[in-house]
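Only one structure is covered here, and it is reproduced in the block below.
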Amino acid sequence: MNPALRRMKDLPSTHLLGAGSAMCAGCGGLLALHEIYDLLGARTVFVNAASCMTLLASYPFTPFRGSWLYTAMASAPAGAQGVRDALDILIGQGRLPPEEDLTAVALTGDGAATGIGLSATSGAIDRGLDFIYLCYDNEGYGNTGQQSSPATPLGARTATSGGAHGHAASKKDLFAIWVAHRPVYAATVVGADPLDLARKIDKARALTGPRLIHALAPCPPGWSFDPAEAVEIGRLAVKTGVWPLKEYVDGKVVHTHVPHPRLPVEEYLKRQGRFRHLFEPERDVQVLARIQSQVDAYWAEVCA
Amino acid sequence: MYRIRLHGRGGQGIKTGSRILGSAFFGAGFEVQDAPVYGAERRGASMAAHVRAARSPIRERGVITRPDLVALADETLLQVPAANVLSGVGPDSVLLLHGNGDAETWRARLAFSGTVVVLPAAGEHAEAELGGARCAGAAARLAGVISRQQLMAAIAQELASLGPSATETTTAQALAAYDAVARHAGVLRESRPAAAVAFAAPEWIDLPLESARIAAPDIFAAATSVEMRTGLWRTMRPEIDYAHCNRCAWICSTLCPDSAIRVLADRSPEIDLEHCKGCMICVSVCPPHAIRALPERAARARELAAAP
Amino acid sequence: MRRLLTGNAAAAWGARLARADYVPAFPITPQTEIIELLAQWFDSGELRGRLTLLESEHSMLTAAAAAAATGVRVFTATSSQGLLYAMEMLYTVPGWRAPFVLVNVSRGLASPITLESDHNDVLAARDSGFLQFHCASCQEVVDSVLLAYRLAEDPRVRLPAIVNLDGFHLSFTREPVDLPTAEAAAAFLPPFESHGIGFRASRPVSQAVAVLGGSAYSYFRYETHLAAEQALAAHGAIAAEFAQRFGRPHEAVERYRSDDAEIVFFMIGAFATKAMDAVDRLREAGVAAGLVRPRLLRPYPAADLQRALAGRRAVAVIDQNLSVGKGGVLHGELASVLYGQPDAPLLASYVGGLGGRDISAEEFFQIARELQDAVLAGRVPPPRLLYTAGELRQMRNLQAIAAAPGIAGARA
């Protein structure tokens, strides 16, 4: 661990990402991005997939102090590949001084990361691409009005899962998919825990190769909660064990925080309108139990 | 044809308002078009919706450039140039203002040559989400061709999926607005389409070929987004009580998604009100509870009062 | 030096002579030889730079344009289904205004899946913003790659370019090719000049940003159109320089014995050389036939075509493509620039050569006969698919084996 990152006070006090972007008030994705950008810095080129963050920049306004390239929903990792390869060629042939180099960062939502862009992601990891893959996960196709994505959790109501029990499938495990590829680094983070996030970004920054930063992104309109609660929801995701904070490094998965005591998942669920149907007009005992048992099973394995 | 433009902020029910009004006209026997103006809608950001109603099939499409009625759910948008609230209005236009003040003062302040009707915005934020519905109710009365029953039926239809309590609240608000502007019933008149004689010809040009460097959607400067005054989205304002701020360093600053809280040399946080969107995360995370939330209207009123 | 090369090898040589820095690749028949050769040359050091195998053509196009936007010279190649798989990016990246060259080896599109050539794949990219060169010989392939780089990188243009060659008929066919020397190629095509594009630590840029509203969108889109139109004039000068250096004129429109022709074949691609042969045979038979072949399809050389066809009596557009529900694409394109022209010829439509189906000499002769009749009658015959009774009989045999219901001889 970087000894310089022990306390909140060690985090940057000035912020790089420009204010005035078009993200919603209380956006958990923007929260994570702004914390991450402070640490990665402006010597970066963000290669953006179609997502809410398509509109981070809209002509002639950009919040970035470094560079940015917009691609398409499926192929941000391939865009990062082209940029990385081109910079390597230019620097390798002495056509560009090394100090002009940039870190390539693919920035995608969970829909791109777990669905339409998964083969491009898999390909990039497989090729050993030297890049950081930042997925902000708001557990649905947020920019189009929160339809279910492969990352939508069990029981959540979305614009396409409005039935009595909400989303019928469980959340696809992006972290495990990455780990199966044996990348140099993978981590889960949440903007609500900036210190844990900072340590991981710091670690990722020092490595070379494919690196995943998977940020849970509480989404006020998509998850239906008051924007002021965005940080509290993120904290509850960690405290209830719904969102394990962990990293994969040197071939091992390590949990950077084991919630103890672990709060019941209901503490997290009941704060969000997308789960309201699980509590009223009457409790959906079965779905609530399934969600709790999935989380319990996860941690039983971790702590075994 | 009636050409009606509703303006408001994301979250104020502008699209719902336009649909209520559209359905109400339809129920009153009109041909109707209603549509939101598509953009990057975010809670608090300015947005608009259109309603056209006529006694014959409507062939116009898209943006209403010359509105007969502009219904403004949030009068603070008049300070937002990009909202284009008054675009295309003329002496025959009606401006329905959901806000405070009296019509003549607004008329003078805005140098507005048409009719101004003020729909008093009572009760600060209980009705924030109902501005669109209130405007719809008032607009229905201003047209003078929609009955209370037709308005209620339209609301019941549009809000059916949200359940009886939402329908009830909305109906009450819309009917209150309908009644509040009763003495202006019929002030809104149908206008005629643009005439094909003596019109102003468009100033077409032959677009010049320009260097690829400027003719690509590329931005060559850093952080130009600060030009976007997202502070105008705010309906609630965070205010730091420096007497209680314990200079914890930067919990509020780190957890502000919008980079809108900076930390001064003495470790005091300072909120950038030009960009703060009013999410109130800082209010909820401040350990000594030294940041409070107050309604933006009240904060502005206080500022105006304090101004020399 | 003249040597025997396949069209694929000629394409690879084009990239080599252009000193491409970067080749993102994904294999597809009949393009694979191109990327295999380039991979060998990168491995052996005959090319400096890098070839990266992507996991799809969509990613390949993204990587190609992203690298071009970072400031290196990029070459890539695909075909058919691959071009269509990349279609989203094909329409996206011209707006980035970062030039590079994509070779497409034309192959018919599914369904049914086939391996042989026609032009529907590349015509699906017609409106994308890529410039399009269409080759009729392996020589033209290598020359066109060099020309395409010059044109795409021209400061007035700055658009990506497609060089198209027909699968099998060029891709796998060896022909004598006069390869420019490396020095001559370098003299014609100087090192890539990025004109300030590229991602650099010292120079932040946000590229390919979204716009809100139709007005800004209209500006950026139409500027790519104006740049493509500008490419027409630029191409004239570049082709003239190429002709001066290498002795091979590659004008935007090739006219073969057409200036005094009464009837004209109009087509693109490799089968155009068959049409040339037919022209010679027809001339021997006393028919004043000619061929007009656009090499450049985007930008569309409208004025050159109007001039080339003014005063001709009748033109047969032979489309190796099919716009389903409309007919031949090139027929409609040509009609649009001839309509209302004084002295415009009659315009007949033939669709042939779909999925690699041959066009026989006799078919050219018969088309010429129909054109002559059309001139006498003052009106053209209806559009025709080149397809014979023998082919339909053969089809019936296949259907019988397939047990197609209702076919005589079918077993079920």
Side-chain angles (χ1 to χ4, degrees), chain A residues 7-35 37-38 42 52 54-70 143 145 162 191-192 194-195 197-198 220-221 226-232 234-235, chain B residues 10-11 39-45 161 163 216-236 238 247-265 267 269 272 274-285 287 291 293:
Chain A
R7 301 163 304 172
M8 281 293 282
K9 283 188 173 63
D10 301 327
L11 298 179
S13 63
T14 54
H15 306 300
L16 273 182
L17 197 68
S21 73
M23 301 300 101
C24 301
C27 172
L30 187 64
L31 174 59
L33 176 65
H34 120 100
E35 293 172 10
Y37 200 54
D38 280 344
C52 291
T54 297
L55 293 174
L56 267 180
S58 72
Y59 194 84
F61 305 112
T62 180
F64 289 96
R65 289 180 201 277
S67 287
W68 191 74
L69 173 66
Y70 182 70
N143 199 38
L195 200 53
L197 176 147
D226 188 290
E229 306 235 315
V231 167
E232 185 56 22
R235 286 173 179 162
Chain B
E41 296 90 1
R42 306 291 190 221
R43 193 174 189 84
S161 65
D218 299 343
I219 305 165
F220 300 98
T224 50
S225 61
V226 296
E227 307 265 332
M228 296 293 280
R229 304 289 173 83
T230 45
L232 295 166
W233 297 11
R234 200 171 53 233
T235 53
M236 296 295 285
R247 275 72 175 171
C248 68
W250 22 90
I251 287 175
C252 58
S253 172
T254 299
L255 294 175
C256 169
D258 284 289
S259 309
I261 304 180
R262 66 179 184 142
V263 182
L264 305 177
R267 298 180 30 175
D272 167 8
E274 288 206 336
H275 297 105
C276 163
K277 293 169 183 163
C279 70
M280 302 293 121
I281 285 178
C282 55
V283 173
S284 56
V285 299
I291 310 178

For A:Pro12, is it the side chain, the backbone, both, or neither that has a heavy atom closer than 4.5 Å to a heavy atom of chain B? backbone

Partner chain A: residue of B:Ser259, B:Ala222, B:Gly231 with the largest heavy-atom pair count (under 4.5 Å): B:Ser259

Please state whether the side chain, the backbone, both or neither of B:Val283 comes within less than 4.5 Å of a heavy atom of chain A. neither

Highest number of heavy-atom pairs under 4.5 Å with chain A: which of B:Ser253, B:Ser225, B:Gly44? B:Ser225

State whether the side chain of A:Tyr37 and the backbone N or O of A:Arg65 hold a donor-acceptor pair below 3.5 Å, judged by distance alone. yes

Checking the side chain of A:Asp10 only, and the main-chain atoms of A:Arg7 only, is there a donor and an acceptor separated by less than 3.5 Å? yes

Per-residue contact mode, B:Arg267 against chain A (heavy atom under 4.5 angstrom): side chain

Choice from A:His15, A:Arg235, A:His34 maximising heavy atom contacts with chain B below 4.5 Å: A:His34

Under 4.5 Å from any heavy atom of chain A, what part of B:Ala221 do you find: side chain, backbone, both or neither? backbone

So what's closer than 4.5 Å to chain A heavy atoms on B:Cys256: side chain, backbone, both or neither? backbone

I'd like to know whether CZ of B:Arg262 has more than 12 heavy-atom contacts from other residues, nucleotides or ligands below 6.0 angstrom. no

Quick check on A:Glu232 against chain B: is it the side chain, the backbone, both or neither that has a heavy atom closer than 4.5 Å? neither

Engaged part of A:Asn143 at the chain B interface, taking heavy atoms whose separation is under 4.5 Å: side chain

Hey, does the side chain of B:Thr254 reach the backbone of B:Ile251 with a donor-acceptor pair shorter than 3.5 angstrom? no

Considering only heavy atoms, which portion of B:Ile261 lies under 4.5 Å from any heavy atom of chain A: side chain, backbone, both, or neither? backbone

Selection from A:Pro221, A:Gly18, A:Ser13 maximising heavy-atom pairs under 4.5 Å formed with chain B: A:Ser13

Acceptor/donor pairs from residues 19-31 of chain A side chains to any protein atom, 3.5 angstrom cut, sequence neighbours excluded:
none

When you measure from the side chain of B:Trp250 to the backbone of A:Met8, do you find a donor-acceptor pair of N or O atoms at a distance under 3.5 Å? yes

Assess whether side-chain contact (heavy atoms from CB on, under 4.5 Å) is satisfied between B:Ile219 and A:Phe61, documenting all intermediate values. CA-CA 7 Å; B:Ile219 305 165; A:Phe61 305 112; 5.6 Å; no

Nearest heavy atoms of B:Val226 and B:His275, plus distance in Å: O-NE2, 2.6 Å

As an exercise, state the distance from CG of A:Leu69 to CZ of A:Phe64, rounded to the nearest 0.5 Å. 11.5 Å

Portion of B:Cys248 that has a non-hydrogen atom of chain A nearer than 4.5 angstrom: backbone

